[in-house]
Structure formats: structure tokens, C-alpha cells
Amino acid sequence: MFKKVAGTKDILPDQISAWQKIEDAGEKIFTSYNYQEIRPPLIEESALFNRSLGEATEIVQKQMFLIKSGTDEYALRPEATASIVRAYIENSLDKQSRLCKFYYTGPMFRMERPQKGRLRQFHHLGCEVIGAKDPGIDIEIITLADTLLKAFSIDGYITRLNSLGCLNDKKKLIDILKIGLKDRIVDLCEDCKLRFQRNILRILDCKNEACQQIVHGLGIKDSYLCQDCKDHFFQVRAGLDELSVPYELSPYLVRGLDYYTRTVFEFTHDELGPQQNALGAGGRYDTLISSLGGPDTGAIGFAFGMERLLLVSKLLAKTQETGTLVYIISLGEAAKKASLKILYMLRNKGIAADTEYEGKSLKAALRKADDLKARFVVIIGDNELQKNVVMLKDMSAGTQKEVLLEKLIEEIKF
Ligand code: HAM
């Protein structure tokens, strides 16, 4: 028997309603913020991700699903930001509107070691705003994420906020770390020893306590930020304060992708456990668009992991509402033929309807209607057929009555 690939999940019909609630709430809120949906492909040239996320990042080093075809190499997208920037440049979307606001949902792929909240195929719900460096957009995006989390019935999350500064500031921060840590390398964890060579910034958000103590001992604070970046960050914080959007300053938050500059943020939730505690994350990437051949313009975005949202959302716990389904049970061959006509008549009127196909007894068919949470059951046998009526059972009221066939639609009121 075949089994699903490790780190993938079947989203079964009984889970779909929670997914749809999240997608529907997302669509409504993104639309009210004037964002438009975009659907880039699931595969891209692998070089797009190497360039955008950074050659030294964990995703590019270890986690890309690569597909070779002759001399070409493609990757299943590990995230969508790079694809959306590629689409923005390739389709000259900046010529239509200087400022573009996109949202998206869909599967992402990373070759990770599977565990709770960490999959190889997972789903993002995210957005990107391309075309402005204004701190007002940072405020908008963080407020938007906060609004979404509330709409998803999630509480108890923390919004962590930091600024990495511009490219020059990031270089300054790297130098501070190189100098400050060069005599402490032996005391760092094995991962951080490698990070010191390859991706030193990631030492800042290492979860190992010894590494954290060493890093905190350097007393870096915001010493690496230039005045412009300090001002930008001040305005972002002031705007969030003004709107009463809560956040915690998190001076060691750096994020695992190279493209970030200035504002970075993360939404963490304790119920996800200590290792994979981020519901979502994002930040500015003001140099990515020009580095991929586009105009010199700013951008910012975030993505939530849908599976992680569902792990902590109360949407799943909420009782399922009674359905709106009409379930038809026919007794005998002639009634069966007539019932098919009724079935299609209801469906053509936009009323959700289904019938019993498995030859069940009346009792078993009624049980099935109950399982399906049908709102009404229509029973039709030879007697009813002769009188041109059906027996209509109102499942929530627990009543039943004979109804003329031509009055059936009138009687079915949801
Ligand atoms: P990311 O932090 O790599 O950022 O992913 C965003 C979120 O996706 C994470 O916070 C987490 O909830 C979820 N996630 C990541 N990896 C997995 C996994 N293996 N299994 C389950 N969930 C996972 C990005 O991808 C950026 N593109 C976000 C962004 C958009 N930045 C700017 N714009």
C-alpha cells in the first residue's frame, strides 16, 4: 500500500471547512485593505531562489526540491516572495501602478526534517507590497497581519519586531559580530560554529542558551543602525502605538532569508512549542527588486504558515453549523426515476441536494441524512408519486408533512 511522502499531509474533507474559513476571512480582509490576489507558478528557475534568499541560507543550502531537465535546473518554490518579485518585474507591473499590493495562498516546498508544525509541503497565506519605502506601509502590513490573526480566532500570539537596517547597517552588524565573537567560537554550539563562517547573522537568533548569553554579552542594541534607519524604525513603532497594535521589541530577530533590510517581524505562539513557534513572519526587502533587475523601489511582506494557524486557531473547535443540504430518499424504481428529476431541479435552482445511491433501507438512509447534517429530507415512494406529492422532513424542527411537488421549492426555506 502506498503511503504519503513524509512531511506531506492529506487535507481531508472534514478539515476543509476550517481551511476555507481561513481562506475566506483572508480574502475578505486583504480585499478590504485593497490587495489583489496573485498566483505565480509552483516551479521557478532554482537560480531565482539562490539569488533572492541567499546562497548561504539554510533553505538554499539544504532544503530546495530541485528538478533537473537537461542543463536547466528548476526548484519547487520554497516561498513565494521571490516569485512575486520576478512576476512583478517580468510583467512590468510597476508600469500599471507604482505601488502594487498582492496577496496569495498556496503550497510551498522545503526538504526539512518533518516534525510538529514543520512539513515538506506546507501552505502560505501571505502578501507583498512592492513600490514604496514609506514606513506607513510597514504599519499597514503589521496591522493587517494582526487583524487577520484575530479574524482566524487566534489569541495569545506575540508580534516581535526589529530593524536590521539598510545594507550598510547589516554589514556593520556583521563586522560587530565577527569581531565580538572571533575569540568565543569554541563556546558556540556546533550550528553556530558553521554560521560564524557562512551566515553569521543567524547566530543572533540561535535558540541555544549558551549562544544567546554570548551574543547578549556583546551589548549590540541598535548601535549598527544609521540615522535614516533609526528614524524609519521610530516611525513604524510610533504608528503601531497610535493604532494600539501590540508588539515586543526583539533586538535579536534576524530571520532566515538574506533579502531582508530594515523592519523584520515574526508572530510567535507558545502552543506551537519551543522550536517551531512562528505562526508567520515577514519584513522589508528594499534591495531585492533592483537586485533582480527591476526598478529601485522598496517592498515589504509577510507569510503565515496555514498549518500552524490551524494548530492554534479556535475555528476547528467551533461546532459545525447544520448544513443546507436537501437529501432525497426514493422507495422503488418508479420513485427513483422521479427523484432524479427532483434532484436536478433543486440543483438547477442552486439548492444543494443529493440522493441515496447505495440501496439502503429507509432507516439506514435517514441515518445517512443525519450524518450528512441534511437540513431537509425528501421521501418519495409509489404512494407519493401517484398523488404528485413528496414527504418533506424538516430535520432541525423534527417535523414532516406532505407537500405538493410544485410547492417543494417554496417549502424549502433555509
Ligand atoms: P518564512 O519565515 O520562511 O518566511 O515562512 C513563513 C511562515 O511559514 C513561518 O513563520 C511558518 O509559519 C511557515 N513555515 C515555514 N516553513 C515551514 C514548514 N517547513 N512547515 C510548516 N510551516 C512552515 C517566508 O517564507 C517569507 N517569504 C515571508 C515573507 C513574505 N517575507 C516577506 N514577504
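Side chains included, hydrogens not; waters and symmetry mates left out as well; all remaining heavy atoms used. Remember, predicted model here, so these are calculated numbers, not experimental data. Start at 1 and go down the list; that is how both ligands and their atoms are numbered.
Heavy atoms of Leu257 found under 4.0 angstrom from ligand 1 belong exclusively to the side chain. Heavy atoms of Arg255 found under 4.0 angstrom from ligand 1 belong exclusively to the side chain. When heavy-atom distances to ligand 1 are checked against a 4.0 Å cut-off, Arg110 comes that close only through its side chain, counted from C-beta outward. For Tyr259, every heavy-atom contact with ligand 1 shorter than 4.0 Å involves the side chain, none the backbone. With a 4.0 Å cut-off on non-hydrogen atoms, Tyr260 touches ligand 1 through its side chain and not its backbone. At a 4.0 Å heavy-atom cut-off, ligand 1 does not touch Glu266 at all. Under 4.0 Å from ligand 1, not a single heavy atom of Met108 appears.
Looking only at protein heavy atoms, the nearest one to atom 18 (C) of ligand 1 is Phe122 CD2, 3.4 Å. When only non-hydrogen protein atoms are considered, atom 13 (C) of ligand 1 lies nearest to Gly305 CA, 3.6 Å. Scanning the protein heavy atoms around atom 32 (C) of ligand 1, the nearest turns out to be Gly301 O, 3.2 Å. Arg308 NH1, 3.4 Å is the protein heavy atom nearest to atom 11 (C) of ligand 1. In this structure, atom 10 (O) of ligand 1 lies nearest to the protein heavy atom Gly280 CA, 3.2 Å. Closest protein heavy atom to atom 5 (O) of ligand 1: His124 NE2, 3.3 Å. Protein heavy atom in closest approach to atom 33 (N) of ligand 1: Glu128 OE1, 2.8 Å. For atom 21 (C) of ligand 1, the closest non-hydrogen atom of the protein is Gly117 O, 3.2 Å.
Between Arg39 and Glu37, at least one side-chain N (NZ, or NE/NH1/NH2) sits under 4.0 Å from a carboxylate O, which counts as a salt bridge.
Smallest separation of non-hydrogen atoms from Phe49 and Ala75: CD1-CB, 4.0 Å. Of all heavy-atom pairs between Pro78 and Met64, the closest is CG-SD, 3.8 Å. Nearest heavy-atom pair across Thr57 and Leu257 is CG2-CA, 4.2 Å.
Of all atoms in ligand 1, numbered sequentially from 1 with element shown, those under 4.0 Å from a heavy atom of Gly282 are 31 (N). Every atom of ligand 1 with a heavy atom of Phe302 under 4.0 Å away is listed here by number and element: 29 (C), 30 (C), 32 (C), 33 (N). Each of the following atoms of ligand 1 lies closer than 4.0 Å to a heavy atom of Ala281: 2 (O), 10 (O), 28 (C), 29 (C).
Taking any N or O of Leu119, backbone or side chain, at least one lies under 3.5 Å from an N or O belonging to ligand 1. Considering backbone and side-chain atoms together, Thr81 places an N or O closer than 3.5 Å to an N or O of ligand 1. The N/O atoms of Arg118, backbone and side chain alike, include none that comes under 3.5 Å of an N/O atom in ligand 1. Residue Ala278 has at least one nitrogen or oxygen atom sitting less than 3.5 Å from a nitrogen or oxygen atom of ligand 1, judged on distance alone. Close N/O approach between Ile59 and ligand 1 is not found [any backbone or side-chain N/O within under 3.5 Å].
Heavy-atom separations between Met306 and ligand 1 are all 4.0 Å or longer. Within the structure, the closest approach of Gly126 to ligand 1 does not fall below 4.0 Å when heavy atoms are considered.
Atom NZ of Lys9 has 12 or fewer neighbouring heavy atoms from other residues, nucleotides or ligands inside a 6.0 Å radius. Atom CD of Gln20 is surrounded by more than 12 heavy atoms from other residues, nucleotides or ligands within 6.0 Å.
Remark: Arg86 fails to qualify as a cation-pi partner of Tyr88 under the 6.0 Å distance and 45° angle criteria applied to the six-membered ring.
Glu271 places none of its side-chain heavy atoms less than 4.5 Å from the side chain of Leu311.
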